[in-house]
Each structure stands twice: as structure tokens, then as C-alpha cells.
There are 2 protein chains.
Amino acid sequence: MLNHEWAGADRVFHALADANRRAIIQRLTRGPATVSELARLLGVTVAATVQHLQVLQTSELVRSEKAGRVRTCQIDPSGLRRAEEWLRLQRTTWEHRLDRLGDVLGESAADHSTTTTTSDDPSTTSREEPRS
Amino acid sequence: MLNHEWAGADRVFHALADANRRAIIQRLTRGPATVSELARLLGVTVAATVQHLQVLQTSELVRSEKAGRVRTCQIDPSGLRRAEEWLRLQRTTWEHRLDRLGDVLGESAADHSTTTTTSDDPSTTSREEPRS
DNA sequence: CTCATGGTTAAGCATGCACTTAACCGTAGG
DNA sequence: CCTACGGTTAAGTGCATGCTTAACCATGAG
């Protein structure tokens, strides 16, 4: 149930894959910052920072507004939440399977058709994006 | 506090950045699978699948054992947990900041030196990896 | 107006990455 | 032994990515 809309997962995780982008997020959790502040923090050009910010914004990890000629960036929680939920879903699914498996082993402790628990469910999962 | 050891974060998030690797994880939460099963699921070569599995293993997202000539893969929860915790830390840090900000706005509602809450904490965070 | 500051955009480049093919190894089964 | 199957490894290829420089736009200060 609630397979939700893991469409954006690709964007979010791709954004999180870069150390500098994670550093931006980490910084912004402490409070808003301007583009050049972030650039100084990362030790890269302002141009590079802007590119990172574009990625972070399209994945809904960061929001930003322009006041005068200064752009101020801050955290957008929706992206973080999405990633967090995807991970939690995977972990809980895995844990529930272990629970069921424990039940079976507890009830009929004699019969164990062992690791052949595989491949008996053809396509229940429905991939998120079968790649482009 | 508890800045822990976000060293492996780079590996984990890089691993999670690929849609096919996430598909592997998603599949393995339902139960173990062999290499060729995963290859068939992804619609790519067995060779490509092995490469993905190497990435997933070094980031502690998947474990695997070889029995005879068949390698069986399953979830390794430690990687998932690490990623989940990093995200949770960022989100909670951000939320706590909002709380403190709410306190200030509640107590001394008159004085607001507004959005200048920025840049007054030079380097409290200590980057995880200042990039190679 | 003029200059400086903060940001945006466009190439260009070098590296990394996902995938393929192809040769190869090890374990069954006949 | 011989063949088939599951997996591993090594090149090689094409595309994406992260960064830089450089030209450019817009706003604020003198």
C-alpha cells in the first residue's frame, strides 16, 4: 500500500550523491546563507555553486529567494522527507519480511524449504523507473 | 554532538544515486536473489549487475554469499540505516533551529534583527569531506 | 553616470560512470 | 572427459558531471 510517488526519488538521491551538495544542505540546516557564502565554504567558484543550487532546487532540497541582488538560500524539507521515507520504506519492508520468516520458522519448525524463498513472486514490486 | 562518522556517507549516497541500484535494493527487501535474477529484472547484462553489486557491497547496502557456483544476495541494513540517520540529523537540526527561532520571536517580539541570522557562525559544522 | 558587488549564463574540458562485448574461471550434469 | 551454466574480469565506448574561465546582467554606493 501507499506506493506513493517515488518519481522524484531519482532527482533527490542524485542530488545527495555529491559531497559538496550535501555540505550545502548541512550548512543550511544551521540557517540561511547567500550564494557567495556557500561558494566560500565549498572553496569553489560562485558559478559552480549556482549549478549545485539548481540541482538542489529542482530536487526540492533547497529553496531560495532573491532580495535586491542577493539570493538567500534555505532548506526545503520536502526533499529530505522524500529521501528519508524511501529509505524507511525499504528498511521496514525488509524487517517485515524477516518477521514473517520468523513466524514460519516458529510455527512449523520442522519444514524449511530453505533459501528457496526467492523468485516465487514474479512482479509484485513494480519498479519505480525501469531506466530511460 | 554525536557527529558520528559520516565518512561512509559518500559511498552510500553515491550507491543510492543510481536507479538500477535502488531497484536492486527494492527487490532484495522482498527476499534474497541471485545475480542473474537481478540482471533479468534490470534488463541489463550480468556483468553490469555484478558491477552494481560491488558498489552496493562496499557501501554496506547489500551482502552476498556464494554457494556452489551461485551467488545469493540480500539486504545489509547498516547502509540503509546510515543514510537514514544522516537525513534525519539534517532534518532535526533544521527543525531545532526553527524552534529556537520561534522562541526568540515569541519572547522578545519587538526586536527583530531579521534575516541577519546568517553568517554569524563561521565554522561550527566541520565539513565531512572537503572534497579530494 | 561610474564603479563595484553579487549573481547568472555559456562554453570548454577532464574525469567518472554505466553499459557493452569478449575472454575466462569454476561448478554441476551428461 | 565434455558441455553448459552462473559468475567474474578486463577493455573499450559514449554520455553525464563538476569544475573552470569569461562575458554578461542587475543592483547599490559614491
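Just so we're on the same page: letters track the sequence lines, and every chain starts at 1. Below, all heavy atoms of this structure are taken into account, side chains as well, without hydrogens, waters or symmetry copies.
Of the residues near DNA chain D, A:V55 and B:V35, the one whose nearest nucleotide (by heavy atom distance) lies more toward the 5' end is B:V35. Map A:Q54 and A:R69 each onto its nearest nucleotide of DNA chain C; the residue landing nearer the 5' end is A:R69. Nearest-nucleotide mapping onto DNA chain D: of A:K66 and B:K66, the residue sitting toward the 5' end is B:K66.
Rounded to whole Å, atom C1' of D:dT20 lies 14 Å from atom CG of A:N20. When rounded to the nearest whole Å, the span between CD of B:Q51 and P of D:dA10 equals 11 Å. Distance A:L53 CG to D:dC19 C1': 15 Å, rounded to the nearest Å. For the pair A:L38 CG and D:dC19 P, the computed distance is 13 Å after rounding to whole Å. In this structure, A:D10 atom CG and D:dA16 atom C1' are separated by 13 Å, rounded to whole Å. Atom-to-atom, CZ of B:R71 to C1' of C:dT27 comes out at 14 Å; the value is rounded to the nearest Å. Distance CG (B:D18) to P (C:dC17): 11 Å, rounded to an integer number of Å. Rounding to whole angstrom units, CD of residue B:E65 and P of D:dT8 are separated by 13 Å.
Proximity note for B:A47 (side chain, C-beta onward) versus C:dG7, C:dT21, D:dG18: the nearest is C:dT21. Among C:dG7, D:dG18, D:dG6, the nucleotide with an atom closest to any side-chain atom of B:S36 is D:dG6. The nucleotide whose nearest atom lies closest to any side-chain atom of B:H14 is, among C:dC17, C:dT5, D:dT21, C:dC17.
The pair A:E84-B:R88 does not count as a salt bridge, with every side-chain nitrogen at least 4.0 angstrom from each carboxylate oxygen.
Here A:V46 lies in heavy-atom contact (under 4.0 Å) with a base. Within the 4.0 angstrom heavy-atom criterion, base atoms lie near B:T45.
A:R22 places a side-chain N or O within donor-acceptor distance of the main-chain N or O of A:L16, the cut-off being under 3.5 Å. In this structure, the side chain of B:T45 does not engage the main chain of B:A48 through any donor-acceptor pair within 3.5 Å.
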Residues B:Q74, B:S64; criterion side chain to side chain donor-acceptor pair (under 3.5 Å); working and verdict: CA-CA 6 Å; B:Q74 56 182 316; B:S64 74; over 6 Å; no
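Counting non-hydrogen atoms of neighbouring residues, nucleotides and ligands closer than 6.0 angstrom, the CZ atom of A:R91 exceeds 12 such neighbours.
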